Amino acid sequence: MKLSFPDGQIKEYENGITGLEVAKSISEGLARNALAIGLDGVIIELSRPITQDAEFKIFTWKDIEGKEAFWHSSSHLLAEALQELYPDVKFGFGPPIENGFYYDVELPEGTKLGEDDFAKIEAKMKELAKKKSQFVMHDWTYEDAKSYYQNRGNEFKQDLIEEFKDQKITYCTQGNFTDLCKGGHIPHTGLIKAIKILSVAGAYWRGNSDNKMLTRIYGITFPKQAELEEFMRIREEAEKRDHRKLGKELNLFFITPEVGQGLPVWLPKGTFIRRKLEKFITEELLARGYQEVITPHIGNLNLYKTSGHYPYYKDSQFAPISVEEEEYMLKPMNCPHHHKIYQNEPRSYKDLPLRFAEFGTVYRYEQSGELSGLSRVRGFTQDDAHIYCMPEQLKEELINCVELTQLVFKTFDMEVSTRLSFRGEEENKYAGTAESWEEAERIVKEVADEINLDYFIGIGEASFYGPKIDFIVKDAIGRKWQLGTVQVDYVMPERFDLEYIGSDNNKHRPVIIHRAPFGSMERFMSILIEHFAGNFPFWLAPDQISILPITDNQLEYAKKIQSILNDNGYRTKLDERAEKVNRKIAESEQAKIPFSLVIGAKEVEAENVSVREHTVGDIGKKSIEEILEIFKSLSR
RNA sequence: GCCACUUUAGCUCAGCUGGCUAGAGCAGCUGAUUUGUAAUCAGCAGGUCGUUGGUUCGAGUCCGACAAGUGGCUCCA
């Protein structure tokens, strides 16, 4: 029997050898650190005999797969602990996740589980972990598995078993706990040294809101206590960057139910940054041949019936407003308005592509439980644009849009992942013909390949009228949000009967690209705030420079410096108070102002300033010319 | 919308098992202080403890309903 290793080596082994024995044959150290092995990409236990040729890998804590096995095993340990603490608990799913694991359970009638119970669960897990119970895999017949869970009244696992009816069914036992499981564990529970229950949440069985809601218990474990402490420290640090917290501290925006749930109010400083972003993108658009348009915030309901948005998204829009026999809707998207602009005059192939851009504010009735800071709101502004082009221009325009979006993320040095969002299986969820969908998806994929996009494909993530290229960024606490988007649309041109006269003097249908590089100003701001942890780059910072005279004797000189800087277009703040300079510095730092200029008697004498850079510290004395040079280099 | 948790001054938080006029720091205001790289001192003012029912001689504290927020789930043009 042959095993091929990641380095390309192929070695001959005796049939039935275990992963652990293979690891030992390589090195004792490796065998000690090994958590699981991979056979042809499947994670399995070190103890399982290998009986056929395969690609072989050893996974340690350093590997994603090693962590997966570790956390998968930890979820079994959590389940074992829960079973001891709540004997009648019923189990659903319990998978590893990006950071840790969870288990979905149904607690016995009347049992509530809250944060107060975490310590108890952790203690029980630790107690069970110390027993070093081995994770042992066994085969199960369908009947035995079925009756095992029937006896326990667990409808969830029975539901799962039905799905595996025609496959090999296995279970895993450790200590007194048995679980339906496909395998992939670490050798024994004793390796789990540091344990933390993180949170509880509700989760529908199989993710379907028609099903029963279970209690999802999130936890994380590590082989060493120090690693858990480091994880908790990083988590705390991340929470400090939360845009909701910084938005309050830095006076950027607020959200209050007195104005309306999910309706952010922008304060002067937040507005300043937002406007800067708008200017930045507007310059790029104008350079790329876009034209700006403005459309109203409400629109006739018929417009959305034509577009098809109304039936598809009826439940997530604010109810129509009735006025004089007519119904109007708060604009949930800008598309139909722009389509009417296209229709406003006959279009020739010579006019195309036409690119209409607008910072369009839209209102959507998001479920109350879904609202979150600036990330998910009920009123937001898209940096929207629609491009109307001939089919043969589509590719080039798509590439342009993707490159513009990439420029945004590059400008702010943000890490982004790219998803090609294609349609899924669901009926009634998509408009348009199968042929146009295939065409659109094919082109999207061709474009992505042509420009070497590093992408993944998301089935069922398309919009109802076409496939998308979505740009996804993580927030401070690891949640993923879609920002930029580029969408292909063959449907709306049909619905709105858009056309252009071609060079053949015949009527043709244009193709539409919907695109928003930021996605929404609100969501982009949330990510931007967290990305910079409130330490905005010089060109974006609402206050750029604070001027801190040490005593009143330097006031006059300080004012002179301020007017020079103001005349050069910089945003300054002069702190005239009779406070100690230490305090002035502290407050300037807390306000995260990029530069502080300390001015005392020496600086007045030498006609210079002492420069302190935020997050860096004192960078020494500089002449006026030097600071102007520095500030110029940081502007854009 | 669903599950769990949270809600005390503009902000951050104390307030144990229900018991006199609900505390602190920061911010604000007033005054003093003129100060060299992260917070000078003193005084004043600020709260019907999210709202609303109930239990009780007595509720910030216990119970219910509602609202908002947080973490998830469903959803996400």
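Order of the sequence lines fixes the chain letters, A, B, ..., with proteins taken first and strands second; residue numbering starts at 1 for each chain. Note that the coordinates shown come from a computational prediction; the quantities given were computed from them, not determined experimentally.
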Touch class at under 4.0 angstrom, heavy-atom based, for A:Arg376 against every strand present: base
Euclidean distance for P, B:rU37 against B:rC11 (whole angstrom): 34 Å
Span that lies between the P atom of B:rC62 and that of B:rU17, in whole angstrom: 8 Å
C1' spacing across the pair B:rU61 / B:rU7, given as an integer number of angstrom: 14 Å
A:Lys573, NZ: over 12 other non-hydrogen atoms inside 6.0 angstrom: no
A:Arg216 with A:Asp104: basic N within carboxylate O range, under 4.0 Å: yes
Nucleotide nearest A:Lys580 (side chain, heavy atoms from C-beta), chosen from B:rG71, B:rC11, B:rU35: B:rU35
Options B:rG72, B:rG36, B:rG1, nucleotide nearest the side-chain atoms of A:Glu603: B:rG36
Of A:Asn582 and A:Leu214, the one whose closest RNA chain B nucleotide lies more 5': A:Leu214
Upstream residue (5' side of RNA chain B) when A:Arg216 and A:Tyr365 are each assigned their closest nucleotide: A:Tyr365
Distance below 4.0 Å between A:Arg244 side-chain N/O and B:rG71 OP1 or OP2: yes
Touch class at under 4.0 angstrom, heavy-atom based, for A:Val200 against every strand present: base
Member of A:Val488, A:Thr418, A:Thr485, A:Thr405 meeting the side chain to side chain contact (heavy atoms under 4.5 Å, CB included) criterion with A:Ile469: A:Thr418
Contact state string [nucleotides 44-53 of chain B, B base, S sugar-phosphate only, - no protein heavy atom under 4.0 Å]: ----------
Pairwise P distance, B:rC13 and B:rA9 [rounded to whole Å]: 11 Å
Closest to side chain of A:Ala578, choosing from B:rU34, B:rA77, B:rG72: B:rU34
Pairwise P distance for B:rG1 and B:rA39, with rounding to whole Å: 47 Å
Between A:Glu589 and A:Ser596: side-chain donor-acceptor atoms closer than 3.5 Å: no
Interatomic distance at C1', B:rU12 relative to B:rG46, whole Å: 16 Å
B:rA45 versus B:rU35 - spacing of their C1' atoms, nearest Å: 28 Å
Nucleotide nearest A:Ile585 when distance is taken to its side chain, options B:rU37, B:rG71, B:rU12: B:rU37
Sidechain N-carboxylate O distance under 4.0 Å for A:Arg206, A:Asp159: yes
Rounded distance (Å) that lies between atom P of B:rG69 and atom CG of A:Leu263: 10 Å
Sugar-phosphate, base or nothing in reach of A:Ile477, heavy atoms under 4.0 Å: sugar-phosphate
Per A:Tyr465 side chain, nearest of listed nucleotides B:rA77, B:rG71, B:rC73: B:rA77
Touch class at under 4.0 angstrom, heavy-atom based, for A:Ser463 against every strand present: sugar-phosphate
Touch class at under 4.0 angstrom, heavy-atom based, for A:Arg479 against every strand present: sugar-phosphate
Touch class at under 4.0 angstrom, heavy-atom based, for A:Tyr102 against every strand present: nothing
Student check: side-chain heavy atoms of A:Ser372 and A:Arg479 closer than 4.5 Å: yes
Given B:rU37, B:rC76, B:rA68, the nucleotide with the shortest approach to the side chain of A:Val598: B:rU37
Sugar-phosphate only, base, or nothing, as touched by A:Gly207 at under 4.0 Å among non-hydrogen atoms: sugar-phosphate
Minimum-distance nucleotide (side-chain atoms of A:Arg583 versus B:rC26, B:rG72, B:rU33): B:rC26
Sugar-phosphate, base or nothing in reach of A:Asp552, heavy atoms under 4.0 Å: base
Touch class at under 4.0 angstrom, heavy-atom based, for A:Gly360 against every strand present: nothing
Sugar-phosphate only, base, or nothing, as touched by A:Ser610 at under 4.0 Å among non-hydrogen atoms: base
B:rG69 phosphate, OP1 or OP2, under 4.0 Å from A:Gln261 side-chain N/O: yes
Distance below 4.0 Å between A:Ser368 side-chain N/O and B:rG1 OP1 or OP2: yes
Touch class at under 4.0 angstrom, heavy-atom based, for A:Glu249 against every strand present: nothing
Sugar-phosphate only, base, or nothing, as touched by A:Thr551 at under 4.0 Å among non-hydrogen atoms: base
Touch class at under 4.0 angstrom, heavy-atom based, for A:Arg612 against every strand present: base
Flag if over 12 foreign heavy atoms under 6.0 Å of NZ, A:Lys120: yes
Under-4.0 Å salt bridge between A:Glu587 and A:Arg583: yes
Sugar-phosphate, base or nothing in reach of A:Lys584, heavy atoms under 4.0 Å: nothing
Check: A:Val265 and A:Phe253 side chains under 4.5 Å, non-hydrogen atoms: no
Test: A:Lys602 and A:Glu607 ion pair at under 4.0 Å: no
Atom P, compared across B:rA14 and B:rU30: separation rounded to whole Å: 32 Å
